Amino acid sequence: MAYTSPSLIVIHPDDTVAVAIEEIAAGECVTAGDLNLTTRSTIPKGHKVALRDHQTDDSVIKYGHPIGRITEPVETGGHVHSHNMATALGSGESYQYNPTVKEPPRAIPAETFQGYARPWGETGTRNEIWVLNTVGCVNRAAMSVAKAGNEIIAERGLDNVDGVHAFSHPFGCSQLGEDLDQTRDILRALAMHPNAGGVVIMGLGCENNRLDQLLEGIPPARRARIVSFNAQEVSDEEESGREAIETLLEVMKDDRRTPCPASALRLGMKCGGSDAFSGVSANPVVGRMTDYLTDRGGMVFLTEVPEMFGAEQQLMNRAVNQDVYGRIVSMIEEFKNYFISHDQPIYENPSPGNKEGGLTTLEEKSLGAVQKGGKAEVTDVLGYAKKGARSGLNLINAPGNDAVSSTALTAAGATVLLFTTGRGTPLGFPVPTLKIASNSGLAARKPGWIDFNAGALVDGEREMEALAADLWATILRVASGELTRNEENDYREIAIWKRGVTL
C-alpha cells in the first residue's frame with residue numbers, strides 16, 4: 001500500500017522515485033516515509049522525484065518494477081522525466097511462464113442487481129434498441145430512425161425500453177479481406193449484445209459488407225430480436241425503419257428488470273488520458289473491481305495491447321494454464337509485428353498528454369495500466385471482435401485508442417465499462433461508461449464527465465477498501481438502471497479498427 005507525505009507518494013517500498021501530489025518548488029524540504037530530502041528543481045504535479053542518487057544506466061524503480069533507465073546522473077531530490085530517463089525496452093523481449101500462486105477463495109456475499117435476463121443465457125444492464133448500419137452511406141438515415149424510435153417510446157410512455165440509439169461509422173464499402181471481416185465481425189457482435197433488446201440493421205444494398213453475409217453469422221435463435229433491410233430495396237428507408245422499431249417494441253413488450261446474480265455482470269476495463277495518479281488511484285481501485293467480480297464468477301475484459309508492453313510478463317504469469325500463456329505471448333508478438341510491418345517504433349508511447357501529466361516511458365504507463373486487471377487469473381485470450389469468453393479475466397486483441405478499444409470491449413460482451421482517466425474525456429460508448437477520475441481536481445472541474453472520484457485516495461481522504469466498496473456499490477446501481485454521465489449527456493459512439501486497404 002502506498003504511503004504519503006504532504007507532498008509525495010511512494011507506491012512500493014522498493015521504489016527509487018516518488019510522485020509529487022502537488023507542484024513542489026525547488027529547494028523545498030519534503031519527506032517520503034522515513035526519508036527527508038530537498039528538491040533540486042521544481043517538480044511538477046504528478047512528476048517523479050529521485051529518492052536516491054542515480055547514475056547513468058541505473059534502473060528507475062516504480063510500482064516495485066523497473067520503468068526505464070537513467071540517461072544522465074540524477075541526485076537525490078532531482079526531477080526524473082524525459083530529459084534524463086528513457087525506456088529500457090527493446091525489440092527482442094523473451095518470456096517465460098512462471099505461474100503465480102493462486103490466492104485462496106474468499107467468502108463472497110450473495111449480491112444481485114436488477115438486470116435483463118435474456119433467453120439465450122446472457123444478462124443485459126439496459127434494454128435498448130440499437131440501430132446499426134452495414135455501411136457509412138446510410139449513417140444519417142440510421143440516426144433518423146433512432147430519433148423516430150425515441151419519439152414513439154415517449155409518445156407511448158413506455159418504461160421498459162431504455163432508448164433507441166444509432167451507432168454510425170464510415171466503413172463497410174471499399175474494404176477487402178481481413179479489414180472487411182473486422183467491420184462485419186464488430187457489427188455482428190454488437191447485434192448480439194445483451195444490452196440490445198432489439199436491433200435494426202440497415203444496409204444500402206451495393207456495399208462490400210453485404211447484409212446477408214453479416215446475418216449468416218448470427219444464430220437463428222437470436223434473430224427474433226433483429227429486423228434488417230437494405231435501403232435501396234424499400235421506397236422509404238426511414239419509414240421502413242419506423243416499422244422495424246414497431247416490430248421490435250412488440251417483441252420487447254414483456255421485458256422487465258429482475259434480480260440477477262452479480263456473477264452475470266460483464267465489466268470492460270479501460271483507461272484514457274492517463275496521468276501519474278492513474279496507476280496510484282483509479283487503476284488500482286478498478287483492479288479491485290476485477291477481483292471482486294472474478295471472485296464472484298463473473299467476466300472481466302481487458303485490452304489496449306500496446307499498453308501491456310513492458311508489463312506483459314505479469315499478465316503471462318497469471319495465465320490459468322500453459323495454453324493461455326502461449327496465446328498471450330502470441331497476442332503480444334502479433335501486435336509488435338503489426339507496428340513493425342507499418343515501420344513504426346514499438347515503444348513510441350506515452351502520448352504528449354501522458355508525458356505532461358508525469359508519465360515518461362511505456363513501462364511506467366503499462367505497469368500502471370495493467371493494474372486494472374487486479375490479481376485475477378487470465379482465463380482466455382480473444383481475437384478482435386470475437387466472442388466466447390470465460391469467467392475470469394479475458395484479454396482482447398485490440399489497440400489502445402480509446403474509442404476503438406472501448407468498442408472492442410463492448411463487442412466482446414461487456415455490459416458496463418469502467419473508464420479511468422487523469423485528464424478527462426466526454427467519450428461514451430454503447431454500454432454505460434463509468435468515468436473514474438484519478439485526481440480530485442479533474443472530478444471537481446468536470447462533474448459533467450466524471451462519475452466517481454478515485455482521487456480521494458491520493459488526497460488521503462479515503463482508504464482503498466472503503467473506496468472499492470463504494471465503487472462496487474455504484475456499479476451495481478448502474479447495472480440496475482442508474483444513468484452514467486455519458487448516458488445523461490447522450491454521448492455514445494463506436495469506432496472500428498481499420499487495418500487494410502481502402503479501394
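As the structure is a computational prediction, the values presented were derived from the model and not from experiment.
- Within the structure, salt bridge (charged side-chain N to carboxylate O under 4.0 Å, His left out) pairs that include any residue of residues 427-455 do not occur (at least two apart or interchain).
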Step-by-step salt bridge (charged side-chain N to carboxylate O under 4.0 Å, His left out) determination, Glu312 to Lys336: CA-CA 12 Å; Glu312 64 266 50; Lys336 288 182 178 180; 3.6 Å; yes
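- Aromatic ring orientation, Phe429 versus Phe419: parallel (interplanar angle below 30°, classes split at 30° and 60°).
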Candidate pair Ile9 and Ile21, rule side-chain contact (heavy atoms from CB on, under 4.5 Å), full reasoning: CA-CA 7 Å; Ile9 296 175; Ile21 298 174; 3.6 Å; yes
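- For Asn160, there are no side chain to side chain donor-acceptor pair (under 3.5 Å) partners at least two apart in sequence or on another chain.
- In this structure Asp185 satisfies the side chain to side chain donor-acceptor pair (under 3.5 Å) test together with Arg188, Lys386, sequence neighbours excluded.
- Between Leu418 and Met289 there is a side-chain heavy-atom pair separated by less than 4.5 Å.
- Using a 4.5 Å heavy-atom threshold, the side chains of Tyr116 and Pro194 count as separate.
- Scanning for side chain to side chain contact (heavy atoms under 4.5 Å, CB included) contacts around Pro426 gives Trp449, Tyr491, with sequence neighbours left out.
- Close placement of the Phe335 and Trp497 rings is indicated, their centers lying within 6.0 Å of each other.
- Sorted by first and then second residue, the side chain to side chain donor-acceptor pair (under 3.5 Å) pairs involving residues 401-429 (not counting sequence neighbours) are Lys270-Asp402, Asn283-Thr420.
- In this structure, CD on Glu22 lies 9.0 Å from CG on Asn439, to the nearest 0.5 angstrom.
- To the nearest 0.5 angstrom, Gln314 atom CD is 11.5 Å from Lys375 atom NZ.
- Evaluation of the side chain to side chain donor-acceptor pair (under 3.5 Å) rule for Arg296 yields Glu111 as partners, not counting sequence neighbours.
- Residues Leu267 and Tyr292 form no side-chain contact, since every pair of their non-hydrogen atoms from C-beta on lies 4.5 Å or further apart.
- Looking only at side-chain heavy atoms (C-beta outward), Val404 and Ile496 stay at 4.5 Å or farther from each other.
- Side chains of Ile67 and Ile61 form no contact here, defined as non-hydrogen atoms less than 4.5 Å apart.
- Remark: His81 pairs with His47, His79 by the ring pair (Phe, Tyr, Trp, His ring centres under 6.0 Å) rule, at least two apart or across chains.
- Considering only residues two or more places apart in sequence or on other chains, Asp254 meets the side chain to side chain contact (heavy atoms under 4.5 Å, CB included) condition with none of them.
- Side-chain contact check for Val320 versus Val378: every heavy-atom pair is 4.5 Å or farther apart.
- Figure legend: cation-pi geometry between Arg499 and Tyr338, with NZ or CZ positioned under 6.0 Å from the six-membered ring centre and within 45° of its axis.
- To the nearest 0.5 Å, atoms OG (Ser281) and CD (Gln371) are separated by 10.0 Å.
- Residue pairs meeting the side chain to side chain donor-acceptor pair (under 3.5 Å) criterion with at least one partner in residues 473-484, sequence neighbours excluded, are Thr474-Arg477, Arg477-Glu482, Thr484-Asn486, Thr484-Glu487.
- Between the CZ atom in Arg462 and the CG atom in Asn453 there is a gap of 10.0 Å [rounded to 0.5 Å].
- Between Ile218 and Met192 the shortest side-chain heavy-atom distance falls below 4.5 Å.
- A donor-acceptor pair under 3.5 Å is formed between the side chain of Asn394 and the backbone N or O of Gly392.
- A search for salt bridge (Lys or Arg N to Asp or Glu O under 4.0 Å) contacts involving Glu216 returns nothing, not counting sequence neighbours.
- For Asn127, the side chain to side chain donor-acceptor pair (under 3.5 Å) partners are Arg118, Asp255, not counting sequence neighbours.
- Judged as a side chain to side chain contact (heavy atoms under 4.5 Å, CB included), and not counting sequence neighbours, the contacts of Gln96 are Asn98.
- In plain terms, the two heavy atoms of Lys48 and Val17 that are nearest each other are CD-CG2, 4.0 Å.
- Between His193 and Glu128, every side-chain heavy-atom pair lies at or beyond the 4.5 Å cut-off.
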